[in-house]
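For clarity, every value in this text was computed on a predicted model and none was experimentally measured. In what follows, residues are counted from 1 in the order of the sequence shown. Only heavy atoms go into these numbers, but all of them, side chains included; no hydrogens, no water, no symmetry mates.
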Amino acid sequence: MKVLFIEWESFGSDDIKEAFTAERHTVCCFPFTYHGNARNDPEVESRLSSVLHRDIPDIVFSLGYFPVISKVCQKEGVRYIAWDYDCPDILLYSHTVANSCNTVYVFDRELCLEFRKKGINTVRYLPMAAGIERLDSIKGGAEPIFDLSFVGSLYTEEYHNLPVDWTVLPDQAKGYLDALGAAQRKVQGYNFIQEVLGPVMNDLYKAYPMDPNEDGFETREWFYAQYIVNRRITALERTDLLAAAARHYTVDLFTVDQNVTVPGVRNHGPVDYYNEMPLVFKQSRINLNISLRSIKSGIPLRAFDIMGSGGFLLSNYQADFMEHFIPGEDFVYYDSREDLLCKIDYYLNHEDERNIIAGNGHDKVAAEHTYRHRVREMLDGGCET
């Protein structure tokens, strides 16, 4: 099969290209600038149409869903497969997602069900994966050098934060949002923020005016919940949990913002996804996953990378884990700050048990969750809700 690969700077891009090739498919690349207009771009549309006529691929594939790609594929009658590892992703809410040429995979089962309830049958569930051969080829030291590590954003970077003018929010709205955040942080496995934003929607609109896109069906409530409030909750949660752990243990943070400080936490700055990040996972006794609150039930890519690297994973509760992995056998989850601290203490002091779980997680990913597995599933049309 000939695959036209929409190439942009995305995590896992090299891994999945290699997986297509390993599965004996021919891969041609189409350079794509994501920072352009991903909904309408006459130059991209013309260039893609020309390539489709010239190369005649069987499918067009992209990591992430792009309406402009779907528009061209629909017009040219070419199958378009997209696999989205981001959540939230406002581009999924384009009306083009229902185009008959599409098969759009999302890594969050609850998100998939949301689309199905709207009558959109082009969206399917497919968990993320790990590049096992690449990860296994990266050798860590004989002994771990970090006790407790977290690799990820604390959402202090400018590109992660919309220019919301919080000063225009009345005190009542600020208090309401603070109370919502405090309540949500006590709940694992269910996010209720979008359902209860009604009383402060007008205030949020004044702080950051945003109307739905012309080709989209996202609501204001969805946008403010996912891109502003849940992101703010996640920033506070990650900072709070890392600071709480650092009061008792040595905590190492690897994040893009080299200037962010958390009391007691050692900030090492960013690490390269392909070569340096796996070494952190391999050289850490415990690797934390603290999911972005917009992820409803899905397993973040970070978790697959940790287990695929042979690292020990301690994660917040996400329902999709229970479908694919066994808690206490392949990974460990926590359900509160107190539970997190107890489990950190336990597993730092039970090395043999920790190593067995890390090995089981690696072997489960290698047996069932590699990019080659996912390529087969996508091309077979598998993984319904």
Side-chain angles (χ1 to χ4, degrees), residues 10-20 22-23 61-65 81-89 92 102-116 121-135 151-152 188-191 273 277-278 281 287 289-311 313-327 329-333 357-358 360-385:
S10 59
F11 295 130
S13 180
D14 292 348
D15 290 322
I16 197 160
K17 277 192 289 186
E18 291 177 7
F20 275 119
E23 291 295 308
F61 174 85
S62 68
L63 280 167
Y65 173 73
I81 298 177
W83 188 17
D84 206 330
Y85 65 79
D86 209 3
C87 188
D89 184 356
L92 283 174
N102 291 341
T103 306
V104 181
Y105 291 100
V106 296
F107 74 97
D108 187 306
R109 185 175 287 283
E110 284 299 317
L111 179 61
C112 178
L113 291 172
E114 176 188 324
F115 280 91
R116 290 302 177 91
N121 297 319
T122 54
V123 176
R124 298 182 179 182
Y125 167 69
L126 188 71
M128 296 309 302
I132 284 291
E133 291 184 1
R134 173 179 58 85
L135 295 173
V151 180
Q188 298 289 339
Y190 177 69
N191 188 284
Y273 176 81
M277 188 177 72
F281 297 152
N287 293 282
N289 172 59
I290 308 168
S291 300
L292 175 61
R293 281 292 183 163
S294 296
I295 302 174
K296 297 172 181 289
S297 66
I299 306 172
L301 179 61
R302 177 194 299 107
F304 281 100
D305 284 327
I306 290 170
M307 290 187 285
S309 297
L313 171 63
L314 176 55
S315 174
N316 65 291
Y317 175 86
Q318 293 287 116
D320 290 358
F321 271 116
M322 308 307 151
E323 181 176 346
H324 304 285
F325 299 98
I326 300 173
E329 183 174 313
D330 303 318
F331 79 108
V332 174
Y333 75 85
I357 292 172
N360 289 342
H362 170 273
D363 293 347
K364 179 70 71 68
V365 170
E368 301 178 16
H369 302 287
T370 70
Y371 282 97
R372 292 186 67 173
H373 287 103
R374 299 297 182 254
V375 163
R376 294 176 207 144
E377 290 165 333
M378 285 188 284
L379 296 184
D380 288 342
C383 287
E384 294 284 351
T385 55

Less than 4.5 Å apart, any side-chain heavy atom of [X] and any of [Y]?
{"X": "Ile16", "Y": "Met378", "answer": "yes"}
{"X": "Asn121", "Y": "Arg116", "answer": "yes"}
{"X": "His369", "Y": "Met128", "answer": "no"}
{"X": "Pro127", "Y": "Phe304", "answer": "yes"}

Among Phe325, Tyr333, Phe321, the one residue meeting side chain to side chain contact (heavy atoms under 4.5 Å, CB included) with Leu313: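 Of Phe325, Tyr333, Phe321, side chain to side chain contact (heavy atoms under 4.5 Å, CB included) with Leu313 is met by Phe321 alone.
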Would you confirm whether [X], through its side chain, and [Y], through its main-chain N or O, come within 3.5 Å as a donor-acceptor pair?
{"X": "Asp320", "Y": "Arg109", "result": "yes"}
{"X": "Asp108", "Y": "Leu111", "result": "yes"}
{"X": "His373", "Y": "Ala367", "result": "yes"}
{"X": "Thr370", "Y": "Ala366", "result": "no"}
{"X": "Ser62", "Y": "Tyr65", "result": "no"}

When you check the gap from the basic side-chain N to the acidic O, do Glu18 and Arg134 get nearer than 4.0 Å? no
Return yes when atom OH of Tyr273 has more than 12 non-hydrogen atoms of other residues, nucleotides or ligands closer than 6.0 Å, and no otherwise.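 More than 12 within 6.0 Å, yes.
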Count the heavy atoms of every other residue, nucleotide or ligand shown that sit under 6.0 Å from CD of Glu23, and state whether that count exceeds 12. yes
Could you check whether Tyr85 and Phe107 have their ring centres less than 6.0 Å apart?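 Between Tyr85 and Phe107, which both carry aromatic rings, the centre distance is not below 6.0 Å.
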Interatomic distance, [X] atom [atom1] to [Y] atom [atom2] [nearest 0.5 angstrom]:
{"X": "Trp83", "Y": "Glu377", "atom1": "CH2", "atom2": "CD", "answer": "8.5 Å"}
{"X": "Ser291", "Y": "Tyr317", "atom1": "OG", "atom2": "OH", "answer": "12.0 Å"}
{"X": "Met307", "Y": "Asp363", "atom1": "CE", "atom2": "CG", "answer": "12.0 Å"}

Side-chain donor-acceptor pair under 3.5 Å between Asn289 and Arg302, yes or no?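 Side chains of Asn289 and Arg302: pair found under 3.5 Å.
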